[in-house]
Number of protein chains: 2
Amino acid sequence: MKKSKINLKTKDKIMHHAIHEFIEHGYHGARMQNIAERAKVNKALIFYYYTSKDQIYKEVLGRIFKTIFERLNNLSDEPTSVENKVRQIVDVYMSVLIDYPDYIKLMMYELSSGANTVKELNPFGALGMPFSPMGGKIYSFFDGKIRAGEMKQVDIIQLIISIVGQIIISFIGLPIIRTAFESNKMDFDIKIFLEKRKDFIVNLVINGIKPEEKI
Amino acid sequence: MKKSKINLKTKDKIMHHAIHEFIEHGYHGARMQNIAERAKVNKALIFYYYTSKDQIYKEVLGRIFKTIFERLNNLSDEPTSVENKVRQIVDVYMSVLIDYPDYIKLMMYELSSGANTVKELNPFGALGMPFSPMGGKIYSFFDGKIRAGEMKQVDIIQLIISIVGQIIISFIGLPIIRTAFESNKMDFDIKIFLEKRKDFIVNLVINGIKPEEKI
DNA sequence: TTATATATTAACCAGATGGTTAAACCATTT
DNA sequence: AAATGGTTTAACCATCTGGTTAATATATAA
């Protein structure tokens with residue numbers, strides 16, 4: 001936990017605290033008054049810098065998506081094995097979620113309310129990136145490996161969704177998983193769990209797309 | 001779309017419409033007045049049958065969980081192959097989500113706000129079922145198969161989380177997946193997508209846990 | 001120092017929201 | 001038909017909430 005960053009300009013300070021208010025309560029649950037108190041400014045000041053709750057919410061979402069997608073796009077371009085690439089992907093995705101465990105909460109809010117705001121400020125040029133059949137780094141990597149016979153001939157989009165899904169559930173499902181562990185009197189250490197999880201996902205995927213043994 | 005069920009008693013009618021109001025807007029976004037209008041009753045009547053917004057919300061969550069878990073527990077007990085069992089599990093989970101595509105939205109709301117209400121009314125005796133290391137049908141099935149050498153020696157809890165995660169993302173990610181498809185000018189048919197998805201998940205998992213080839 | 005533009009605040013407001021009340025309605029029993 | 005008890009409603013209320021206003025404090029330029 002860092003100390004309050006007194007150097008942040010007021011507008012950014014407000015944004016910073018707005019992010020956390022929206023994360024904790026979602027759009028409808030968030031209160032402008034709370035944001036003001038968190039940022040230790042008068043509520044009117046928020047409306048001096050931002051025009052409405054709606055606008056500040058959109059800006060919050062925009063920042064979060066930008067932060068996440070910048071990191072996700074941070075994949076090495078160097079040629080490597082299928083196994084290494086899968087490990088890289090899982091690593092990067094997981095590390096983002098570990099660094100910003102709360103961001104995903106807001107994305108879930110968005111998705112569960114139909115992702116309307118997200119669609120509106122469409123960062124899917126960005127999201128398109130990893131998924132995109134044309135030009136997506138990840139897509140073209142796997143495409144090459146399939147042609148080279150280094151992995152099974154699978155639907156690459158489905159593969160990416162599967163990888164991402166296994167990772168995402170590790171975070172959004174945490175409250176349930178934790179409760180399930182505890183109600184079975186098993187210890188639950190989140191760090192250990194996520195480490196195990198990472199290995200499991202990589203192994204399952206690798207074995208799942210390994211080419212048939214040649215005889 | 002069925003016609004309005006005039007035989008429903010008033011209290012159930014209110015509950016029915018409350019479910020959909022909460023699904024569409026989440027706890028904070030839901031309005032008692034809206035529920036009243038949906039159910040075509042006076043708002044005061046809601047408070048005649050239920051004591052507060054909070055209480056009706058909890059009852060809504062309880063119903064949803066019950067509905068879902070009853071279905072999930074509907075797995076055949078007959079002995080079968082690993083492949084068939086995985087297919088069964090994916091089938092059952094997916095069919096529940098297909099039948100109640102909205103229910104998951106509310107579960108996401110819950111999870112993203114820390115699942116506090118859910119924890120409180122803890123149906124994880126129920127949720128424990130499939131996950132539980134002791135007594136869980138699914139768990140003990142895989143346990144038996146591992147001992148019999150019919151599948152790899154994997155962490156069964158991780159396996160279940162992976163299967164569930166791949167399924168859940170297929171639904172909560174739909175808005176994003178759809179947008180990604182469309183922004184790449186690819187047709188998106190949800191039925192076809194989910195069919196492909198089912199096969200993909202089954203294949204990936206089956207191949208992922210297949211025992212090493214014996215030489 | 002004074003004028004000017006920017007930053008910040010206390011007080012305020014209209015509309016919305018969860019919840020209440022007292023009266024009316026309706027079916028059943030006597 | 002009158003009494004009874006559950007059901008439904010219109011009107012109401014206190015509080016909360018996003019947003020405004022007008023005045024004040026602070027920094028900058030002249």
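Throughout, protein chains are lettered first and strands after them, A, B, ... in sequence-line order, and every chain is numbered starting at 1.
- Here the P atom of nucleotide D:dG18 and the CD atom of A:Glu37 are 12 Å apart, to the nearest Å.
- Of the side-chain N and O atoms in B:Tyr49, one or more sit less than 4.0 angstrom from OP1 or OP2 of D:dT8.
- The distance between atom CD of A:Gln55 and atom P of D:dG19, rounded to the nearest whole Å, is 10 Å.
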| query | Do A:Gln166 and A:Leu204 pass the side chain to side chain contact (heavy atoms under 4.5 Å, CB included) test, and can you show the C-alpha distance, the side-chain angles, and the key distance before you say yes or no? | reply | CA-CA 10 Å; A:Gln166 288 179 79; A:Leu204 186 77; 3.6 Å; yes
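- Phosphate proximity of D:dA10 to B:Asn42: present, with a side-chain N or O under 4.0 Å from OP1 or OP2.
- The separation between B:Lys11 atom NZ and D:dT8 atom C1' is 16 Å, rounded to whole Å.
- In this structure, the CD1 atom of B:Ile35 is 13 Å from the C1' atom of C:dG19, given to the nearest Å.
- Listed pair B:Tyr48 / D:dT7 meets the phosphate criterion, a side-chain N or O lying under 4.0 Å from OP1 or OP2.
- In this structure, B:His25 atom NE2 and C:dA16 atom C1' are separated by 15 Å, rounded to whole Å.
- Here D:dA23 presents its C1' atom at 15 Å from CG of A:Leu45, a figure rounded to the nearest Å.
- Checking C:dT20, C:dT9, C:dT6 against every side-chain atom of B:Ala44, the shortest atom distance belongs to C:dT20.
- Minimum interatomic distance between B:Ser170 and B:Phe193 (heavy atoms only, all atoms of both residues): O-CE2, 4.1 Å.
- Following rounding to the nearest Å, A:Tyr57 (OH) and D:dG18 (C1') show an atom-to-atom distance of 17 Å.
- Within the 4.0 angstrom heavy-atom criterion, no nucleotide atom of any strand lies near A:Tyr50.
- The local environment of CG in A:Asp187 is sparse, with at most 12 non-hydrogen atoms from other residues, nucleotides or ligands closer than 6.0 Å.
- Here B:Ser52 does not reach the OP1 or OP2 of C:dG18: none of its side-chain N or O atoms lies under 4.0 Å away.
- Between B:Phe22 and B:Tyr57, the gap from one ring centroid to the other is short of 6.0 Å.
- Nearest to the side-chain atoms of B:Phe47 among the listed nucleotides C:dG19, D:dT8, D:dG18 stands C:dG19.
- Considering only side-chain N and O atoms, A:Arg31 lies nowhere under 4.0 angstrom from the phosphate OP1 or OP2 of D:dC16.
- A 4.5 Å side-chain heavy-atom check between A:Phe47 and A:Met32 finds at least one atom pair inside the cut-off.
- A donor-acceptor contact under 3.5 angstrom links the side-chain atoms of B:Lys43 to the base of C:dG19.
- Side chain of A:Lys53, nearest nucleotide from C:dT8, C:dT9, D:dG18: D:dG18.
- Within the nucleic acid shown, A:Ala36 has no heavy atom closer than 4.0 Å to any nucleic acid atom.
- When the P atom of D:dC12 is taken as reference, atom CD of B:Gln33 falls 16 Å away, rounded to whole Å.
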